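Throughout, protein chains are lettered first and strands after them, A, B, ... in sequence-line order, and every chain is numbered starting at 1. Owing to the predicted nature of the structure, the values given are computational and were not obtained by experimental measurement.
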Number of protein chains: 2
Amino acid sequence: MRILIVEDEPRIAADIKTGLERGGYVADVVGDGETAWFQAEVESYDAMVLDLGLPRLDGLTVLRRLRAADRTLPVLILTARDGWRERVDGIDAGADDYLTKPFHMEELLARLRAILRRAAGQASPVLKAGPLELDTRTRDVSIAGRLVSLTALEYRLLAYLLHRQGQVVPPTELLDHLYDGASEREPNAIEAILTRLRRKLGAPVIETRRGHGYLVAADGAVS
Amino acid sequence: MRILIVEDEPRIAADIKTGLERGGYVADVVGDGETAWFQAEVESYDAMVLDLGLPRLDGLTVLRRLRAADRTLPVLILTARDGWRERVDGIDAGADDYLTKPFHMEELLARLRAILRRAAGQASPVLKAGPLELDTRTRDVSIAGRLVSLTALEYRLLAYLLHRQGQVVPPTELLDHLYDGASEREPNAIEAILTRLRRKLGAPVIETRRGHGYLVAADGAVS
DNA sequence: CACCGCCTGTCAGCGTATTGTCAGGGAGGA
DNA sequence: TCCTCCCTGACAATACGCTGACAGGCGGTG
């Protein structure tokens, strides 16, 4: 899961980035609305954390532009403590959620999980596919009840596929969502992680559709 | 739109009900968790406004039961002002949103609009032509209910024709759209793919218009 | 500061599915 | 009938995906 943080205060931005990375996400930071808009158009993110008070281009405007362009990217906005009017505007402009500053990192993570979950059309924070369970809160993964310990990337890969359960995910998309913007990777990197992940899982949860991509079946069944 | 309000304090419940009705919704009120659970099972609501502090059966429990039963009903929870821990639990239990008491009616309405909007926007893009169905999310193709497995190019060819359903597509255009700009192919390559595709489909879905191109009829019928 | 161990990206080799080309045949239109 | 255009089977080249091995990097530990 790759998140775009839009926050002009470097200190806060860095805190959020660290928090998100601890939470198992990949995050890019931009400091103004203009760049945010550009970045969101050009790169692919799974969600955006958006501060409303921004230089150059106001956060609400960024959000409205996104929605006007039919981009359904989940957006979590950050507002001042007593700005309920601001929050109502934000929600009507298409925000999926808000958080008032200052906030607990833990709450930001919970709300992020929630909007990501919703975007995937899921109701529960525990993602399931057949014998496989992935708890997004604790990041525990178990198969047939047995806990398996995954590395950061293995987890991200699996979580991403589960979020898009029932859909075929092309390898290029995985490349986009598993790594932040700073890095270039060979497509083979995905295959390597996948091999190791499959070995750990020990059950055929992840299907390959040659020429199309990878897939975790909606009910966990293998065709 | 019909909303279920779960709130044990009659005064607040009445306020919310009034507010929702002013906002154009229909609302029912129940005062305890047990009834809420029963009511949500028996009647059909478009969303639920759920107070967490409830007699008989706690709000969180109601929510978890709903989610355990795979009910995706949008739920907005009401929490105390400083209960961020409670909110995190609520969100992880599957709440779509929360609001801290006391709140502005206007904000409740905005958040309700938001979760209803979200719940509505989940349609699967499936292309159809007669007995043929192509699901762009899973890349599953089925004809008369029977799944057929297509290679990357067969899929692209079929998808392209379906996108332009009812129109005659010249082979040169297919050449342009199936391959990237760098490569030169014999026009025969298209014919070869088409032959294999037709054999897999087993039904005359793709017509040839000699001298013009290929066509998938708008209703899937063959003239 | 040095060491160690784990994580992870790259490379190369392998097996297999996919796909372009070729050549021959069939059908439609003039 | 003749000339195109299109279809199709066979085959070879290619691309794709999987895996084992290796090495650099990073963080933790003594």
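Legend: side-chain hydrogen bond (donor to acceptor under 3.5 Å, both in side chains) pairs involving residues 141-150 of chain B, not counting sequence neighbours: none detected. Applying the ring pair (Phe, Tyr, Trp, His ring centres under 6.0 Å) test to residues at least two apart or on different chains, the pairs with a partner in residues 96-146 of chain A are A:His104-B:Trp84. Within the structure, the salt bridge (Lys or Arg N to Asp or Glu O under 4.0 Å) test picks out the following pairs touching residues 191-204 of chain A (sequence neighbours left out): A:Glu154-A:Lys200.
At a non-hydrogen distance threshold of 4.0 Å, B:Leu153 from residues 153-162 of chain B come into contact with DNA chain C.
Protein atom CG of B:Leu174 is 17 Å distant from nucleotide atom P of D:dC5, rounded to whole Å. When the C1' atom of C:dA12 is taken as reference, atom CD of A:Glu186 falls 13 Å away, rounded to whole Å. Going from atom CD1 of B:Ile190 over to atom C1' of D:dT8 covers 16 Å, rounded to whole Å. Nucleotide C:dT10 holds its C1' atom 12 Å from the CD1 atom of A:Ile193, rounded to whole Å. Atom P of nucleotide C:dG9 and atom CG of A:Leu175 are separated by 10 Å, given to the nearest angstrom.
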Whether each nucleotide of nucleotides 10-22 of chain D has a protein heavy atom under 4.0 Å at its base (B), only at its sugar-phosphate (S) or at neither (-) is summarised, 5' to 3', as ------BSBBS--

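The salt bridge (charged side-chain N to carboxylate O under 4.0 Å, His left out) search around B:Arg111 returns A:Asp97, B:Asp97, not counting sequence neighbours. Taking B:Ala68 as the reference, nothing meets the side chain to side chain contact (heavy atoms under 4.5 Å, CB included) condition, with sequence neighbours excluded. With sequence neighbours excluded, the residues forming a ring-ring contact (aromatic ring centres under 6.0 Å, His included) with A:Tyr160 are A:His177, listed by chain and number. Under the rule for a side chain to side chain contact (heavy atoms under 4.5 Å, CB included), the partners of B:Ala47 that lie at least two apart in sequence or sit in another chain are B:Ile3, B:Pro74, B:Leu112, B:Leu116. Scored by the ring-ring contact (aromatic ring centres under 6.0 Å, His included) test, B:Tyr214 finds no partners at all (sequence neighbours excluded).
An angle of 40°, rounded to 10°, separates the two end axes of the helix from C:dC1-D:dG30 to C:dA30-D:dT1, each defined over five pairs.
Between A:Thr151 and C:dT8, a side-chain N or O to OP1/OP2 separation shorter than 4.0 Å is present. Contact annotation: A:Tyr179 does not reach the phosphate of C:dT8 (side-chain N/O to OP1 or OP2, under 4.0 Å).
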Carefully, step by step, assess A:Trp37 and A:Leu66 under the rule side chain to side chain contact (heavy atoms under 4.5 Å, CB included).
CA-CA 8 Å; A:Trp37 163 246; A:Leu66 273 177; 4.1 Å; yes

Side chains of residues 28-36 of chain A: which donor-acceptor partners sit under 3.5 Å, not counting sequence neighbours?
| residue | atom | partner | partner atom | Å |
| --- | --- | --- | --- | --- |
| A:Asp28 | OD1 | A:Gly181 | N | 3.3 |
| A:Asp28 | OD2 | A:Arg2 | NE | 3.3 |
| A:Asp28 | OD2 | A:Arg2 | NH2 | 3.0 |
| A:Asp28 | OD2 | A:Tyr45 | OH | 2.8 |
| A:Asp28 | OD2 | A:Gly181 | N | 3.3 |
| A:Asp32 | OD1 | A:Thr35 | OG1 | 2.6 |
| A:Asp32 | OD2 | A:Glu34 | N | 3.0 |
| A:Asp32 | OD2 | A:Thr35 | N | 3.1 |
| A:Asp32 | OD2 | A:Thr35 | OG1 | 3.1 |
| A:Asp32 | OD2 | A:Arg56 | NE | 3.2 |

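Ion pairing of A:Lys101 with A:Glu9 is absent here, as no side-chain N (NZ or NE/NH1/NH2) approaches a carboxylate O to less than 4.0 Å.
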